[in-house]
Protein chains: 2
Amino acid sequence: MSTNQNIKVAVDAVVFGYTSREGLSVLLIKRNIDPFKGSWALPGGLVGNQETLEDAVQRELSEETGVNINYLEQLYSFGQQGRDPRNRVISITYYGLVKPDGFELKANTDAADVKWFNIKKLPKLAFDHQAILQVARTRLQNKMQYEPVGFELLEEKFPFSELEKLYMAVLDRHIDRRNFKKKVSKFGFLEETNEKQLLDGAGRPGNLYRFNEQKYFELKEQGISFEI
Amino acid sequence: MSTNQNIKVAVDAVVFGYTSREGLSVLLIKRNIDPFKGSWALPGGLVGNQETLEDAVQRELSEETGVNINYLEQLYSFGQQGRDPRNRVISITYYGLVKPDGFELKANTDAADVKWFNIKKLPKLAFDHQAILQVARTRLQNKMQYEPVGFELLEEKFPFSELEKLYMAVLDRHIDRRNFKKKVSKFGFLEETNEKQLLDGAGRPGNLYRFNEQKYFELKEQGISFEI
DNA sequence: TCAAAAGTGTTCTTCGTACACCCATGA
DNA sequence: TCATGGGTGTACGAAGAACACTTTTGA
């Protein structure tokens with residue numbers, strides 16, 4: 001059993017982005033080699049002998065998509081036989097969060113195309129990537145409810161309503177504005193700036209807020225736990 | 001990057017057991033080959049070309065320890081270079097739960113010895129297994145608070161106090177008996193039998209309870225969520 | 001009759017939730 | 001002046017936390 005093992009190790013990444021225009025989106029590449037040539041798939045590829053798993057993810061993302069990832073966390077490892085028709089490949093998957101200003105894409109040699117897809121309008125995906133994406137979505141939903149990772153999807157300064165809409169988009173349910181504000185404010189890691197939102201249409205401009213990560217870590221040290 | 005990848009794939013398992021006598025325990029093997037010959041380590045080994053990751057874990061456990069695993073869940077994948085001094089090995093780790101009556105051990109060819117160690121009296125471990133164990137412990141603590149996995153560590157029928165002591169051992173804090181009973185009973189997946197505990201000493205014998213898994217799944221379907 | 005462990009209810013506080021009107025701005 | 005979206009407080013009910021005495025058994 002310990003001799004002649006012939007299994008390849010890959011990484012794949014589910015990268016989430018959010019804008020209030022587009023909602024919650026996922027970054028996909030169009031494959032330009034077989035198998036699944038022409039299909040949309042998660043960015044990813046084989047791990048180099050000398051690089052860590054995280055480095056491999058970062059490298060693949062920059063090779064294939066050009067995005068700047070802001071938060072990266074290991075998701076799950078998939079190892080079923082037949083998930084890649086060529087060889088036995090186990091894939092260690094990650095999910096990542098990108099701020100809206102890191103949204104510019106450039107498809108590269110390895111990919112025929114790169115695009116953001118709204119989470120509700122996904123194409124058919126190659127391999128078992130549909131299942132991976134589902135796991136990632138569920139994980140993000142859970143994670144956002146007990147750690148303030150949502151801020152990794154917003155600009156540095158944002159109106160409160162952005163945060164609220166983000167939570168509604170990810171959790172896919174309505175949230176009461178007043179209760180949500182009360183709950184988030186209570187923790188004390190959100191700073192009000194004295195700037196106001198720049199408007200794109202009518203309506204009263206909201207105050208801009210900033211997430212104080214330093215403060216959050218202090219509170220976490222003290223055992224205060226975030227929950228939405 | 002895609003040519004001549006030379007990385008081995010292994011699985012390792014953190015197996016937890018519980019008895020009120022011994023408290024929360026972890027199953028370790030004594031290595032009989034180098035590196036770390038003579039050190040205690042988590043059971044595990046390389047994955048065969050034709051087996052799933054879960055199968056590999058089950059096989060290693062039965063080869064090395066002879067325990068019957070009751071619940072198995074993937075934990076995390078560790079891939080740092082240097083974690084195995086021989087080759088680049090990435091390890092996909094699992095944690096498992098064993099009922100007290102599956103406690104009999106038999107060390108086998110692959111291991112010089114197998115033993116249960118109380119979680120508070122662990123020896124130095126080989127490789128990065130100390131870190132893996134820490135991740136597993138934290139995961140178990142979290143998991144037990146939102147899914148009733150604790151029952152996988154108890155006999156089929158158990159006095160209520162067993163459940164309570166188990167939670168105290170895993171969470172490492174005091175739990176109020178009355179509040180705990182109220183909370184657990186409320187869910188309705190715990191059945192009271194009309195048998196009573198067999199005593200080992202003085203004290204009033206407790207009623208025996210049984211976990212109704214069927215009922216739990218029904219409740220879960222209805223969106224009722226377990227939380228301690 | 002004593003020691004050991006199990007069984008059981010009430011009160012108080014905290015948190016979650018439901019809910020509607022006024023304000024600032026651009027068109 | 002109208003339409004759009006932001007800002008704000010209160011009241012009710014549910015759940016969590018603190019807390020002590022009685023019962024059953026073996027020695």
Side-chain angles (χ1 to χ4, degrees), chain A residues 19-21 23 144-146 148 154-155 157-169 171 173-188 190-210 219 222-228, chain B residues 19-21 23 144-146 148 154-155 157-169 171-210 219 222-228:
Chain A
T19 61
S20 47
R21 275 181 136 61
M144 268 191 31
Q145 298 188 68
Y146 65 88
L154 298 178
E155 309 272 1
K157 297 173 191 172
F158 51 87
F160 207 91
S161 59
E162 267 309 275
L163 184 63
E164 190 194 317
K165 284 180 214 150
L166 167 63
Y167 269 78
M168 289 197 277
L171 302 181
R173 61 175 164 86
H174 182 258
I175 290 175
D176 180 88
R177 206 183 337 155
R178 285 169 289 187
N179 292 339
F180 185 71
K181 175 115 188 236
K182 220 186 303 176
K183 223 189 255 188
V184 175
S185 301
K186 191 185 53 170
F187 293 107
L190 210 56
E191 283 173 2
E192 192 163 1
T193 68
N194 39 28
E195 296 170 59
K196 292 209 180 299
Q197 183 180 15
L198 297 162
L199 291 165
D200 39 350
R204 175 174 173 175
N207 294 334
L208 296 184
Y209 289 80
R210 185 196 288 115
L219 293 167
Q222 294 162 36
I224 283 94
S225 75
F226 177 72
E227 268 192 41
I228 291 300
Chain B
T19 60
S20 48
R21 274 182 137 60
M144 269 192 30
Q145 297 187 68
Y146 65 88
L154 298 177
E155 310 273 1
K157 298 172 190 171
F158 51 87
F160 209 92
S161 59
E162 270 306 277
L163 184 63
E164 190 194 318
K165 284 180 214 151
L166 166 63
Y167 269 78
M168 288 196 278
L171 302 180
D172 203 20
R173 60 174 164 86
H174 183 259
I175 290 175
D176 180 88
R177 206 183 338 154
R178 284 168 290 186
N179 292 339
F180 185 71
K181 175 117 188 237
K182 220 185 305 175
K183 223 190 255 188
V184 175
S185 302
K186 191 185 50 170
F187 293 106
F189 52 60
L190 211 56
E191 285 173 359
E192 192 162 2
T193 67
N194 39 28
E195 296 171 60
K196 291 209 181 301
Q197 183 180 15
L198 296 163
L199 290 165
D200 39 350
R204 175 174 173 175
N207 295 333
L208 296 184
Y209 290 81
R210 186 195 289 115
L219 293 167
Q222 294 164 34
I224 282 95
S225 76
F226 176 73
E227 269 194 38
I228 293 297

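The sequence lines fix the lettering, A, B, ..., with proteins before strands; numbering per chain opens at 1. Here the structure is a predicted model, which means the values were calculated and not measured.
Legend: residues meeting side-chain hydrogen bond (donor to acceptor under 3.5 Å, both in side chains) with A:Lys157, ordered by chain and number and at least two apart, are A:Glu195. Scored by the salt bridge (Lys or Arg N to Asp or Glu O under 4.0 Å) test, B:Asp172 finds B:Lys120 as partners (sequence neighbours excluded). Remark: B:Phe187 pairs with B:Phe189, B:Phe226 by the ring-ring contact (aromatic ring centres under 6.0 Å, His included) rule, at least two apart or across chains. A:Glu191 is linked by a salt bridge (Lys or Arg N to Asp or Glu O under 4.0 Å) to A:Arg210, counting only residues two or more places apart in sequence or in another chain.
Bracketed by its first and final contacts, the part of DNA chain C lying under 4.0 Å from non-hydrogen atoms of chain A reaches from C:dT17 to C:dG26 in 5' to 3' order. Boundaries of the chain A contact region on DNA chain D are D:dT4 to D:dT10, first to last in 5' to 3' order (nucleotide atom under 4.0 Å from a heavy atom).
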message = Please evaluate residues A:Lys196 and A:Leu208 with respect to the criterion side chain to side chain contact (heavy atoms under 4.5 Å, CB included), reporting the C-alpha separation (whole Å), side-chain torsions for both, the decisive distance (0.1 Å), and the verdict.
response = CA-CA 5 Å; A:Lys196 292 209 180 299; A:Leu208 296 184; 5.8 Å; no

task = Evaluate side chain to side chain contact (heavy atoms under 4.5 Å, CB included) for A:Glu164 paired with A:Val184, printing each intermediate quantity in order.
result = CA-CA 10 Å; A:Glu164 190 194 317; A:Val184 175; over 6 Å; no

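In terms of position on DNA chain C, the residue among A:Lys186 and A:Gly203 whose nearest nucleotide sits closer to the 5' end is A:Lys186. Between A:Gly206 and B:Gly201, the one whose closest nucleotide on DNA chain D sits nearer the 5' end is A:Gly206. DNA chain C is contacted by both B:Ser161 and B:Asp176; B:Ser161 maps to the nucleotide lying nearer its 5′ end (nearest heavy atom per residue).
A tilted orientation is assigned to the rings of B:Tyr167 and B:Phe180, their planes being inclined by 30° to 60°.
For the residue pair A:Met144 and A:Ile228, the shortest heavy atom distance occurs at O-CG1, 4.4 Å.
Across all strands, B:Lys182 comes closer than 4.0 Å to base atoms (heavy-atom distances).
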